[in-house]
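Letters A, B, ... are given to chains in the order of the sequence lines, protein chains preceding strands, and every chain is numbered from 1. Because the structure is predicted, anything quoted here is derived from the model rather than measured.
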2 protein chains.
Amino acid sequence: MRVSELVRRTGTPLATVKFYLREGLLPAGRATGATQAEYTEEHVRRIAVIRALSDVAGLPLAKIRAILAVVDAPGDDLFAALGAAVGALPPYPSPEDPALPRARAAVERLGLHWDPDYPATGQLERALAAAEAAGLPISDERLEVYGRVLGELAEYDIAGLPPSGGPAVEYAVLGTALYEPVLLALRRLAHEDRARRRLRPPGA
Amino acid sequence: MRVSELVRRTGTPLATVKFYLREGLLPAGRATGATQAEYTEEHVRRIAVIRALSDVAGLPLAKIRAILAVVDAPGDDLFAALGAAVGALPPYPSPEDPALPRARAAVERLGLHWDPDYPATGQLERALAAAEAAGLPISDERLEVYGRVLGELAEYDIAGLPPSGGPAVEYAVLGTALYEPVLLALRRLAHEDRARRRLRPPGA
DNA sequence: AAGATCGGATACCATGACTATCCAACCCGG
DNA sequence: CCGGGTTGGATAGTCATGGTATCCGATCTT
């Protein structure tokens, strides 16, 4: 298809498609002439992925570029690819103060593998420090409940991973980023549901 | 304390403190003269909350202002206050297409209370639609697992809520926003932990 | 009395994510 | 085979956000 159809199919303005091409988020089409190129279904899907990561997951384009680079050239180490992708997700740890006291305590309490270089470790430290600074520290009990529950979830996610190979990486990398908003929305809805039961008069 | 000490205590530049005052995020200090004001511990904490919501939860200042307004004047309906606060959280539903087919199906499958006006409903629709458009639709089975697990989590959160009143609102509203990054970081760490077991050679 | 600090107002700036224009080469229907 | 509409590519402009910087006259401190 030509670019006009890509625009029509995705609902993205032409100027934006050109912008994504310039920025290297969208691969160029197969050139069929000096001023003509052919796009495919892959391009349609790629634009949907970019928009999902940008609008819903809220990632900046620079991080989206990094994630797409991993998806495009995953190497043969799924574990390393996952690590690279998680590094593109917020919150981004502050460069100063490389100590990770809260994260370390949490990881040990939950019996997880400790790896200070894994991006999620810094993200956990930052999230715990922010909650604490705001006056709502996470209690040990809450941490244990959260850790147990999310461990269950991770168990399910990893068990369902397709066997190693090309599609597994894409699935795991994009799923990490795209399912998080679903998780958060479900938690908020569950809060509403439980809060309604507890706070609303029974007949309301 | 005077503004210089507020700056020192929070590590926030003076220009930024003034900016927060201008934007109405930080209440003015008690004026002790035409060009002098007195700040309190409340101001120190408020700045920590603003920075946490901005840097870690990633909320734009306009939404932070809305959340702080709820915290400052919660009214007497904790449930309504929670709803208002959740409305300030991303992803922000698209204005067009007010139909919520995916969210409705999900809510019914999980046996939750259906309320199309609750902000989290639109957020769920948007998150499910984005995952689908990107080629990674959430299966019914996955939805059920996520729903069950997050329901457990919500049960714990709501059970631990202090009885109605002033502090309960602040706790619930800020907790919703500030604990989410902790949840995500824990999930990513749990993924790492489980993926390591499955993908790394046992001796590595 | 004098140097530092303060609150308040105004102006400026950097980044991110587009958006608009222009141009010359093209393709396609008549 | 020609002319209007598309295309790719380049360049410049725009808008929102989240700050910074400067200036000022009043005031506090010593």
Asks: Distance-only, no hydrogens or angles: does the B:Glu192 side chain make a donor-acceptor pair with backbone N or O of A:Asp115 under 3.5 Å?
Replies: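 The answer is no, because no donor-acceptor pair under 3.5 Å joins these two groups.
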Asks: May I have the distance from A:Ile50 (atom CD1) to C:dA17 (atom P), rounded to whole angstrom?
Replies: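 In whole Å, C:dA17 P and A:Ile50 CD1 are 12 Å from each other.
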Asks: Can you tell me the distance, in whole Å, between the CD1 atom of A:Ile47 and the P atom of C:dC18?
Replies: 12 Å
Asks: Taking atom CD of A:Glu23 as the centre, does the number of heavy atoms from other residues, nucleotides or ligands within less than 6.0 Å exceed 12?
Replies: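 It does: A:Glu23 CD has more than 12 such atoms within range.
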Asks: Whole-Å distance between D:dT29 P and B:Glu5 CD?
Replies: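 Value for this atom pair: 13 Å.
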Asks: In Å and rounded to the nearest 0.5 Å, what is the NE2 to OH distance from A:His43 to A:Tyr20?
Replies: 14.5 Å
Asks: Along nucleotides 24-30 of chain C, 5' to 3', which nucleotides get a B, which get an S, and which get a -, given that the test is a protein heavy-atom distance under 4.0 Å?
Replies: -BSS---
Asks: Calculate the interatomic distance between A:Glu23 atom CD and D:dA10 atom P; express it in whole Å.
Replies: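 Rounded to whole Å, this separation is 13 Å.
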Asks: Strictly distance-based, threshold 3.5 Å: is any side-chain N or O of A:Gln123 a donor or acceptor partner for the main-chain N or O of A:Leu89?
Replies: yes
Asks: Produce a footprint string for nucleotides 12-23 of chain D: one letter per nucleotide, 5' end first; B if the base is under 4.0 Å from any protein heavy atom, S if only the sugar-phosphate is, - if neither.
Replies: ------SBB---
Asks: Quick one: does A:Arg2's side chain have a donor or acceptor within less than 3.5 Å of a partner on A:Ala37's backbone?
Replies: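 It does not hold such a pair.
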Asks: Quick one: is B:Tyr39 getting a side-chain N or O under 4.0 Å of the C:dC6 phosphate, OP1 or OP2?
Replies: no
Asks: Rounded to the nearest 0.5 Å, what's the gap from CG on B:Asp193 to CZ on B:Arg198? Could you check?
Replies: 14.5 Å
Asks: Can you tell me how far CD1 of A:Ile47 sits from CG of A:Leu6, rounded to the nearest 0.5 angstrom?
Replies: 4.0 Å
Asks: Starting at CD of B:Glu38 and ending at C1' of C:dC6, how long is that distance when rounded to a whole Å?
Replies: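 Interatomic distance, CD of B:Glu38 to C1' of C:dC6: 12 Å.
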Asks: Are the side chain of B:Glu125 and the backbone N or O of B:Arg102 linked by a donor-acceptor pair below 3.5 Å?
Replies: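 Answer holds: yes.
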Asks: If you measure from CG on B:Leu184 to OH on B:Tyr179, what distance do you get to the nearest 0.5 Å?
Replies: 15.0 Å
Asks: Between B:Glu152 and B:Arg148 (salt bridge meaning N to carboxylate O under 4.0 Å), is one present in this structure?
Replies: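 So B:Glu152 pairs with B:Arg148 through a salt bridge.
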Asks: Looking at B:Glu144, I want to see if its CD is surrounded by more than 12 non-hydrogen atoms of other residues, nucleotides or ligands under 6.0 Å.
Replies: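 Atom CD in B:Glu144 is crowded, with more than 12 foreign heavy atoms closer than 6.0 Å.
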Asks: Quick one: bend of the helix from C:dA1-D:dT30 to C:dG30-D:dC1 from 5 pairs per end, to 10°?
Replies: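 Terminal axis comparison yields 0°.
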